[in-house]
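Throughout, residue positions are numbered sequentially from 1 according to the sequence presented. These values consider heavy atoms only, across backbone and side chains, with no hydrogens, waters or symmetry-generated copies. As the structure is a computational prediction, the values presented were derived from the model and not from experiment.
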Amino acid sequence: MDQRNLGNQGLVVSELGLGCMGMSEFYGTTDEDESVATIHRAIELGITFLDTADMYGPFTNEKLVGKAIAGRRERVVLATKFGNVRGEDGSFLGVSGRPDYVREACDASLSRLGVDHVDLYYQHRVDPQTPIEETVGAMKELVEAGKVRYLGLSEAGPETIRRAHAVHPISALQSEYSLFTREVEDEILPTVRELGVGFVPFSPLGRGFLTGRWSSVEDMPENDTRSARFPRFAKENFKKNLELADRVRQVAGEKGVTPGQLALAWLLAQGEDIVPIPGTKRREYLEENAGAADVALTEEDLRRIEQAIPRGSAAGERYDEAQMRAVNR
C-alpha cells in the first residue's frame with residue numbers, strides 16, 4: 001500500500017484507511033471477533049490508517065479498536081474524534097467544543113484505546129456556541145502535552161477551517177465525498193488545498209450504494225439504521241440511487257473491477273492529498289476495497305464515470321434537515 005501525506009506537518013498514512021464505525025453501531029448486527037480480525041487483516045495489507053470516534057457505540061468502538069491494536073500500536077496511525085456528545089444510554093446530547101470538554105474527551109479516549117497518544121485528533125462537529133479558536137487552542141495544548149500528534153476537523157466550513165488553521169496547523173479535514181456527494185469540490189477542497197490541509201473522505205462508497213450489492217431495500221442488513229437516518233435510503237429515493245449505482249457497476253464491469261473498487265479508485269485519482277476511509281466489518285470486503293489501490297484509471301475511464309454518474313445526480317440530501325444544519329459550519 002502506497003503512502004500519502006496529510007497536511008504539511010509530517011503526518012504520513014496509507015493511501016486507503018479503514019473506517020471502524022460500523023463495527024460497533026448503525027450498520028446492522030456486529031461481530032467483535034470478525035471486526036478485530038478485519039483490523040488485523042488491514043494491517044497485514046498495509047492499511048494502517050484507522051478511524052474511530054468516541055461517539056461510536058457509544059464509546060465501545062474505541063475499546064474494540066484498542067483491543068485490536070494491542071501489540072501492534074507502532075504499526076498503525078490512529079485517528080479518533082470528539083465533539084458529538086452522547087450519554088451512556090446512547091442518547092445524543094448535542095455538540096461541544098468547550099476547552100474543558102476537549103481535555104476530558106481526549107483523556108477518556110486514550111483510556112478506552114489503551115494508548116498514551118492519538119496520532120490524529122479531530123473535532124467531529126463544530127460547536128456553534130464555542131469560538132473555534134478556543135476549541136483548537138485546547139487541542140493545541142494536547143499536542144504540547146504529547147497526547148495528540150496532529151489535529152483535524154470534520155465537516156467544517158471554509159471560514160472555520162481558516163480560523164482554526166491560524167491557531168494551530170490543521171493536518172486533515174474529514175468530510176463526506178464520493179461519486180454520490182461532491183459538494184466539497186466547490187469551496188472546501190480549494191480551501192484545504194490553499195492551506196496545505198489533507199482531505200479524508202468518509203462514506204466514500206455512498207454508505208454502501210456504490211458497492212453494487214443491493215437490488216432493493218430488503219437486501220440491506222438486519223437492524224440497519226440507514227433507511228431511517230439518511231434521505232437517500234428513503235423509499236422514494238432508493239430506486240433512483242440504485243439506478244445510478246447500476247451505471248457504476250456497468251463501467252466497473254468493462255474495466256474488470258468491482259463497483260466499489262472503481263468508486264474508490266476515482267477518489268484516489270482526485271489528488272494525492274486525498275485519503276478515503278471506506279468502512280467495513282468483514283475481511284472479504286476489506287480485501288476487495290484494498291484492491292482499489294491497484295486500479296489505474298485513464299482519462300477515458302474518468303470521462304466514462306462522469307458520464308455515468310454526473311455530479312448532483314444522487315436523489316435526496318445526504319442528511320436530514322437538522323443534521324444538514326450541523327455541517328459546514
Side-chain angles (χ1 to χ4, degrees), residues 1-21 47-53 77-81 83 118-126 132 136 139 148-207 210 263-279 289 292-293 295 297 302 305-306 311-312 318-319 326-329:
M1 188 70 58
D2 288 340
Q3 306 291 297
R4 291 189 169 187
N5 294 308
L6 287 177
N8 298 323
Q9 291 76 51
L11 178 57
V12 180
V13 301
S14 53
E15 64 181 326
L16 286 172
L18 174 61
C20 299
M21 180 189 75
I47 298 175
T48 53
F49 183 35
L50 305 181
D51 184 90
T52 182
V77 177
L78 184 59
T80 193
K81 316 177 201 71
V118 170
D119 296 300
L120 177 58
Y121 199 43
Y122 294 100
Q123 181 183 21
H124 208 162
R125 291 291 186 274
V126 175
I132 192 65
V136 177
M139 296 168 72
V148 171
R149 294 181 65 215
Y150 301 98
L151 302 185
L153 301 175
S154 179
E155 295 277 34
E159 183 57 29
T160 298
I161 297 167
R162 292 182 186 281
R163 290 167 54 196
H165 195 69
V167 176
H168 185 279
I170 301 299
S171 294
L173 176 75
Q174 181 177 131
S175 289
E176 187 170 352
Y177 188 29
S178 72
L179 285 169
F180 264 16
T181 302
R182 296 177 57 181
E183 292 83 356
V184 297
E185 294 173 352
D186 291 333
E187 295 183 84
I188 302 296
L189 274 176
T191 298
V192 297
R193 283 173 167 161
E194 175 191 337
L195 298 173
V197 176
F199 190 83
V200 178
F202 70 80
S203 298
L205 297 173
R207 302 188 187 278
L210 295 167
L264 291 172
W266 178 85
L267 271 175
L268 290 171
Q270 301 310 302
E272 290 291 323
D273 55 348
I274 290 178
V275 179
I277 50 168
N289 292 342
V295 178
L297 298 180
L302 294 171
I305 294 168
E306 185 74 27
R311 176 178 164 170
R318 61 190 182 102
Y319 290 127
V327 303
N328 296 332
R329 285 173 169 163

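- Within the 4.5 Å cutoff, no side-chain heavy atoms of Val197 are placed close to those of Leu153.
- The ring-ring contact (aromatic ring centres under 6.0 Å, His included) check on Tyr121 picks up Phe82, with sequence neighbours excluded.
- Closest heavy-atom contact between Gly17 and Pro278: O-CD, 3.5 Å.
- Here the straight-line distance linking atom CE of Met1 with atom OG1 of Thr48 works out to 8.5 Å at 0.5 Å rounding.
- Under the side chain to side chain contact (heavy atoms under 4.5 Å, CB included) criterion, Glu159 pairs with Arg162, Arg163, sequence neighbours left out.
- Residues forming a ring-ring contact (aromatic ring centres under 6.0 Å, His included) with His165 (at least two apart in sequence, or on another chain): none.
- Every residue two or more places apart in sequence or in another chain that forms a side chain to side chain donor-acceptor pair (under 3.5 Å) with Asp273 is listed here: Arg193.
- Scored by the side chain to side chain donor-acceptor pair (under 3.5 Å) test, Glu15 finds no partners at all (sequence neighbours excluded).
- Only one option out of Leu18, Leu120, Leu16 pairs with Phe49 in a side-chain contact (heavy atoms from CB on, under 4.5 Å); it is Leu120.
- In this structure, Leu189 and Gln270 have side chains that are not in contact, with every pair of non-hydrogen atoms separated by 4.5 Å or more.
- Applying the side chain to side chain donor-acceptor pair (under 3.5 Å) rule to Asp51 yields the partners Lys81, Gln174; only residues at least two apart in sequence or on another chain are considered.
- Contact of the Ile277 side chain with the Pro201 side chain is not registered, since no non-hydrogen atoms from C-beta on lie closer than 4.5 Å.
- Shown here for Leu267 and Ile274, the closest heavy-atom pair between the two residues is O-CG2, 3.8 Å.
- The side chain to side chain contact (heavy atoms under 4.5 Å, CB included) check on Ala265 picks up Val295, Leu297, with sequence neighbours excluded.
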Go through the steps to decide whether Leu173 and Ile161 satisfy the test side chain to side chain contact (heavy atoms under 4.5 Å, CB included), and finish with yes or no. CA-CA 8 Å; Leu173 176 75; Ile161 297 167; 3.7 Å; yes

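- Taking the salt bridge (charged side-chain N to carboxylate O under 4.0 Å, His left out) definition, one finds that Glu185 meets it with Arg182, Arg311, sequence neighbours left out.
- Annotation: side chain of Leu6 is in contact with side chain of Val200 (closest heavy-atom distance under 4.5 Å).
- Applying the side chain to side chain donor-acceptor pair (under 3.5 Å) criterion to Arg329, with sequence neighbours excluded, gives no partner residue.
- When all heavy atoms of Ser14 and Val275 are compared, the pair lying nearest together is O-CG1, 3.3 Å.
- Residues Val118 and Ala79 approach most closely at CG1-CA, 4.4 Å, considering heavy atoms.
- In this structure Ser171 satisfies the side chain to side chain contact (heavy atoms under 4.5 Å, CB included) test together with Gln9, Leu11, Tyr150, sequence neighbours excluded.
- Nearest heavy-atom pair across Gln123 and Met139 is N-CE, 4.0 Å.
- Residues passing the side chain to side chain contact (heavy atoms under 4.5 Å, CB included) test with Ser178 are Phe180, Thr181, Leu210, sequence neighbours excluded.
- Atom-to-atom distance recorded for Leu179:CG and Leu264:CG is 9.5 Å, nearest 0.5 angstrom.
- In Gln3, the CD atom is crowded: over 12 heavy atoms of neighbouring residues, nucleotides or ligands sit closer than 6.0 Å.
- At least one side-chain heavy atom of Glu155 sits under 4.5 Å from a side-chain heavy atom of Asn328.
- The list of ring-ring contact (aromatic ring centres under 6.0 Å, His included) pairs with a residue in residues 182-207, not counting sequence neighbours, reads Tyr177-Phe199.
- Closest approach of Val12 to Val77, counting heavy atoms only: O-CG2, 3.7 Å.
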